[in-house]
Structures are given as C-alpha cells and as structure tokens.
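The block underneath contains the structure these notes are about, expressed in structure tokens.
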2 protein chains.
Amino acid sequence: MTATASQLSPLLTKPVTAADRLLVEMQRAIVEGEISAGSKMSEPELARRFQVSRAPLREALARLERCHLVERTPNTGARVVQLSTTGLVALYQIREELEGLACRLAAEQMPEQEIRALQQLLDQHLTSQRVREGESYYQEAGDLDFHYRVILGSNNPYLINMLCDELYFLVRMYRVQLGMNGPRVSRAFDEHKAILAAIANRDGELADLLMRRHISASRRNIELQLQQVGK
Amino acid sequence: MTATASQLSPLLTKPVTAADRLLVEMQRAIVEGEISAGSKMSEPELARRFQVSRAPLREALARLERCHLVERTPNTGARVVQLSTTGLVALYQIREELEGLACRLAAEQMPEQEIRALQQLLDQHLTSQRVREGESYYQEAGDLDFHYRVILGSNNPYLINMLCDELYFLVRMYRVQLGMNGPRVSRAFDEHKAILAAIANRDGELADLLMRRHISASRRNIELQLQQVGK
DNA sequence: TCATCAAATATTGTCGACAATTTGGGGTGA
DNA sequence: TCACCCCAAATTGTCGACAATATTTGATGA
C-alpha cells in the first residue's frame, strides 16, 4: 500500500479537476449551511449554479456522499443530511475511538520535529490576538489544525482518510451550524496542551485517554447546544 | 440522520443501476484476484469487457476507491491496490478499534431475539458437514456472517458503513488471495462463541476485549502467511 | 370531498463524442 | 550511449443528448 495523500478532500492536494473544485465548493456550502440541511440537491439546478455539466457534478455528489454530507437514493437523487442528536452521538462514538487510536499512534511514532512544530503552533494560538478576542473563525481553524496534525502523525493512511476525509466535514457541519463559539475554547486549549504533553512524553496510553475525554467533552457541549436549538 | 441502508455495497440492497451491478462484479473480481493486485484499471478495456459505457464504469471505480480496492490519481486513472504487510497492519489497527466498539455496542443494545438467532447460526455452522470438512468457501462465509451480524447489532450507521462497506472488502482480499484456510478455523469458532456469550451477558467491556483479541489473532495469522508468500 | 389512476413533466442514469492531459516513441545533439 | 525534446497515440475528464425512472398534475368516479 502506497502512502497516498487523500484523494477525497483536496485540503492538502490542490484541486486539479472540475469535480475537485466542485467538491470543495459544495463541501463549504453545506458545512456553512448555505445549502441547508435536509434540502434536495437537484442536479440540473446545481449544474446551472456552478456552470458545469452534470458529469463532474455527479462525481462531486458521489464524494459528498462519501463524507456523509449527502445521502443518495438510486433514481431519486441526493439530499443534504439532517442534523440530529442521535446522529451526533453515533458520529462522535466513532470519532472518539478513531482519534484516540490516532493519538496513541502519534505518541508512539510522531517525529520529534513535528512535535516541536505542534508546540509552537499551540503557543502561537495562545498569544495570538485574534484567538484571545475569540473570533470564531480562528478558534475553529486552530482547533482543526491541531487535530489534523495529530491525526497525520498517526501515519496510518486508512485512519487519516477516514477521519480527515470522511468524518471531519460532518463534525464541522455540526459545529458551524450550531454556532459553537462558547466558553469551552480556553478549556479545549488546555486539553490540547495536555494531549500534546502526553505525546511528547511518548505516553500513548495517556494520550489516547486524554484525546477521548477531550472529544467526549466536545460532544456533550454540542449535544447541549443541539437540545437548546431543538426546543 | 436517517438509518439508511448502506448504498456502497449492495450486499443487502439489491443492485438497481448498472453502476451497482458493475461494482459488485468488480469487487468480486478484485477480491478473488481475477483482476490482479497492482494492475491498471483501464477504462476503455473494462468498458468493453463489461459491455457498458464509461459513465457507469467511472461511477463504479469511484466506489471501488471508497472501499480501498483501487487507488485513483487525477488524469492518470485507477490501479488495483497492492497487498503488503504494512498495509495489513494499518488496516487491522482500524478494524480492531472499530469492531471492538461495534461489539461493545452490540452487547449493550442488540435485541435478545437477534442474539438468539446468532447462537443458532453458530450451532448450525458447528454441526454443518461442510464446515467440518473445512471447505474454504463455507468457512469464509460463516465467519463473515458472524462478524456482519455483530456489526449490524451496533446500530450505528457510520460504523456499519465503515466496516461493511469500506474495510471488509480489503480484509477479504487479503484472506482470499493468501488462501487463509488453515487450522485457525476451529479456534476462531471458539472465539466467536466466547464473544457471543459476552454479548448475551450484556458485558460490553468483555465483548470489546474478546473481539479485539480475536481480530488481533487473525491479523497475526495473515501476517505470517504474507511473509511466507513474500519470500 | 376524497381517492385512484393516467398522462404529462421533471429528474436521474447512460451513452457516444469531443477536449484536455498523460504516456510512449523517435529523432536530434552532445 | 545517453539525455533531452517534440510529436503521435492513448487515456482520462467533460459535455450535450437520449433513455429509464420518479414525481406531479389533472381528470374521473364514487
């Protein structure tokens, strides 16, 4: 097995084909709610909107299904997923397990140099004006950056693919659409530091545990918000 | 989130579209080595071979990528994956984690009736002539059947999708192409019984542990075979 | 008024052709 | 002989049109 970079989400690899570009545009549109949850994704309509033919559009839709942002039914088309508490719980069960594993593997084999880079990253975020001021975008970006690097540190292509390409878009969709920019930010920051410390100490077991807790706390946080919105 | 049946592998849902049929045919062909590992998947060639146009073929190729049976590169096409020890280890790391989780969830919430059905299934396999005679096909089928049912028992759509639709084809590919029909069968059988007992006792923690061990043993078994073949 | 069915409409799935890109081969020069 | 470049052939990506399937509409009857 070659250590291929993930093909699904051109976050690292630049989008080269029209379907690639469509994918990133639609991913963003869905995550940010521009295309609202539960709505139908009409192929003719989207083709007009994005000025492409249906071929690359359908390719992009197939990949959107892969990252769980839409659901397709044969001969009826695609529909944006609906957010729900049960869905969130199911998603985070997986995420907890996989990202705990990723964190353990990262602790075991992440190069020292990458660990130092991660420490610098956290310091930067801590001292950054914009993080302190609590701009939602930078919070989100910083959090994602940390998690992505840890996941990449696992060095397991399947794990990286599943987390970054298949699960994280939906995770972000929950966060963005529920406006998660509350007071958990600073606490999450401390948790990141603790996790990184465990990684730096090559304590895989602890790193695993801390990451699971971190994600579990995040889940409870979103769950709460979801119930608030629901009523 | 609706509890949609998995779209990717029409194991349960009948293949309705041409791309569906193509997918199952090509999955089988790759898993069984009829299309050999590492070989190029030429679109014109496959289109002739299966008597379809390139549109459904490309759709099927996209889904084959999703279950990790092929790797695609923009503007260059698809290639069947190569089997390797590192790939196997990476795959089983995930499988262990996810299937352990599935087993725990199954222990917690699988309906009594399904548990009894699983017990009957194991008894059937035990007394079945063909299993005792060790026909490779029935061993494989029986093992898969057990694992699939436990996974379905988790009742987590993401988990089910990832394991059944994205990981298991590759698992089978390793097993089939390495001719795994050795003496581990009877031991695996006992392990299945122990796992099921834990599930029946609603002991999620134990069920998790036993499943992980079971998969880990399976991995070591294949790993051994892979090294034999390699030299 | 409501249910049922049928035709009309719209949407998805598939096809063949063209455009864009990569691959392979032959020639040129050092 | 080898490296490089350029052109030809093949392959992948995209397009518009048609076929097959779903959905809507409207008419009919109870």
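Values reported hereafter were calculated over all heavy atoms of this structure, with side chains retained and with hydrogens, waters and symmetry mates removed. Quick note on labels: first sequence line is chain A, next is B, and so on, each numbered from 1.
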Summary of protein contacts for nucleotides 6-15 of chain D, nucleotide by nucleotide, where a base hit scores B, a sugar-phosphate-only hit scores S (4.0 Å, heavy atoms): -----SBBBB

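Note on residues 27-86 of chain B: pairs passing ring pair (Phe, Tyr, Trp, His ring centres under 6.0 Å), not counting sequence neighbours, are A/Tyr158-B/His68. For residues 96-116 of chain B, no pair satisfies ring pair (Phe, Tyr, Trp, His ring centres under 6.0 Å), with sequence neighbours left out.
For B/Phe146, the ring pair (Phe, Tyr, Trp, His ring centres under 6.0 Å) test picks out B/His192, with sequence neighbours left out. Residues that satisfy the salt bridge (charged side-chain N to carboxylate O under 4.0 Å, His left out) test with A/Arg220, not counting sequence neighbours, are absent from this structure.
Between the CD atom of A/Glu45 and the C1' atom of C/dT12 there is a distance of 15 Å, given to the nearest Å.
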Without placing hydrogens or testing angles, list every side-chain donor-acceptor pair under 3.5 Å for residues 101-122 of chain B, not counting sequence neighbours.
from, atom 1, to, atom 2, distance (Å)
B/Glu112, OE2, B/Arg202, NH2, 3.3

